[in-house]
Amino acid sequence: MPKKYWLFKSEPSSFSIDDLQKMPQQTEHWDGVRNYQARNLLRDEIKNGDELFFHHSSAKPTGIVGICEIVKSGYPDFTAMDPNSDHPDPKMSEDNPIWFMVDVRLKHKFSDTISLQTLKVTPGLEDMMVNRRGARLSIQPVKPEEWNIVMKLARSLILK
DNA sequence: GCCAACGTTGGC
DNA sequence: GCCAACGTTGGC
C-alpha cells in the first residue's frame, strides 16, 4: 500500500502545532472530528506512515504550518464518551464506536506559515481541496503531485 | 462581525 | 424521502 497524503485542519486556539510539539514524543491523538466524511477517512483510509500537512484555520495567517506522520491508524475516539470533553456524543459507546481518531507525530514545524494566500496562487494547486471555497472538511486527501509542490515551497522553511 | 457554504435535524 | 430550518465552519 503506497503512502498517502492528507491535510488536517485545526484551530490553533484549540490545538496548535506548538501544542503538538510540547507533547511527549511530539505525538498526540487527533480527537474531536465529528463529521462522517472525515470520520470515514480516519477509520478506513489513513494508515501508519501516511503523512499530513498540519493546517491552522482561523489563524493569522491561516495556512500550513508543518508536517506530521501517522503513527497509529484509526481507533475509537474515546473523548466522545466523556461528557466533559469538548465534543461529547451520548450515542457513542464501547459497543457502538461512532467516531474515530488517529495518532500523529510531528515531523517538521515550518519556520513560517505557508499561507492560504500563497497556496491559492501557486501553479498546480488550483484544485487542492483546501483552496476551494466552502471546503470545510477538516480531514482532506492531498494528491501526491500537490504534496510535492507544497514540499518545494516548504524546503526553505524546514529547520530541523 | 459578516455571511457563503454546507452538514444535520426533524416535521410531514 | 423531501426539504426548510437551523447550526457550524472558516475565510475575509
Side-chain angles (χ1 to χ4, degrees), chain A residues 4-23 28-46 50-68 70 73-104 106-143 145-154 157:
Chain A
K4 284 185 271 191
Y5 300 103
W6 309 96
L7 180 144
F8 283 21
K9 288 191 208 166
S10 182
E11 297 196 15
S13 57
S14 58
F15 186 72
S16 71
I17 197 163
D18 292 326
D19 296 329
L20 179 59
Q21 195 168 35
K22 288 178 203 143
M23 302 303 294
E28 179 62 308
H29 50 263
W30 197 276
D31 65 73
V33 174
R34 300 291 180 266
N35 167 283
Y36 286 106
Q37 204 179 340
R39 185 281 307 270
N40 292 345
L41 295 175
L42 290 170
R43 186 186 60 191
D44 305 330
E45 301 291 333
I46 300 176
D50 286 0
E51 290 186 283
L52 60 99
F53 292 129
F54 194 126
H55 184 277
H56 279 173
S57 55
S58 299
K60 289 180 188 171
T62 166
I64 295 170
V65 292
I67 305 165
C68 302
I70 303 295
S73 59
Y75 63 106
D77 179 350
F78 54 79
T79 69
M81 292 184 284
D82 176 1
N84 297 316
S85 81
D86 290 336
H87 308 277
D89 183 350
K91 294 193 291 298
M92 167 125 175
S93 67
E94 298 277 356
D95 293 335
N96 182 28
I98 301 171
W99 304 113
F100 283 74
M101 59 186 176
V102 298
D103 288 357
V104 305
L106 183 63
K107 287 189 78 170
H108 298 291
K109 181 192 163 187
F110 299 160
S111 56
D112 200 3
T113 301
I114 301 177
S115 70
L116 192 57
Q117 211 173 8
T118 298
L119 295 174
K120 280 185 193 300
V121 300
T122 300
L125 301 183
E126 294 85 357
D127 295 332
M128 198 171 174
M129 194 179 285
V130 75
N131 279 337
R132 291 214 294 267
R133 86 195 232 109
R136 304 185 306 171
L137 197 61
S138 64
I139 306 285
Q140 305 181 351
V142 173
K143 296 189 192 82
E145 312 87 83
E146 295 165 344
W147 181 272
N148 290 334
I149 291 170
V150 176
M151 287 306 291
K152 276 187 198 162
L153 298 175
L157 303 176

### Summary
Bounded by its outermost nucleotides with an atom under 4.0 Å from a heavy atom of chain A, the footprint on DNA chain C reads C:dG7 to C:dC12
### Pairs where residues 91-100 of chain A contributes a residue and the test side chain to side chain donor-acceptor pair (under 3.5 Å) is met, not counting sequence neighbours
A:D89-A:W99
### A:H29 and A:D103, any side-chain heavy atoms less than 4.5 Å apart
yes
### Query
Would the number of heavy atoms belonging to other residues, nucleotides or ligands and lying under 6.0 Å from CD of A:Q37 be above 12?
no
### Message
Quick check: closest heavy atoms across A:H55 and A:L116, and the distance to 0.1 Å?
### Response
NE2-CD1, 4.3 Å
### Within residues 123-142 of chain A, residues whose heavy atoms come under 4.0 Å of DNA chain B
A:R133, A:G134, A:R136
### Task
Sequence neighbours left out, what passes side-chain hydrogen bond (donor to acceptor under 3.5 Å, both in side chains) with A:S16? Give chain and number order.
A:D19
### Contacts of A:R43 that satisfy side-chain contact (heavy atoms from CB on, under 4.5 Å) - sequence neighbours left out
A:R39, A:N40, A:F100
### Task
Step by step, work out the side-chain contact (heavy atoms from CB on, under 4.5 Å) result for A:Q140 and A:L41.
CA-CA 8 Å; A:Q140 305 181 351; A:L41 295 175; over 6 Å; no
### Message
Just to be sure I understand the rule, does A:K60 reach a base, reach only the sugar-phosphate, or reach nothing, if contact means heavy atoms closer than 4.0 Å?
### Response
nothing
#### Entry: Residue list, side-chain contact (heavy atoms from CB on, under 4.5 Å) with A:D86, at least two apart or on another chain
none
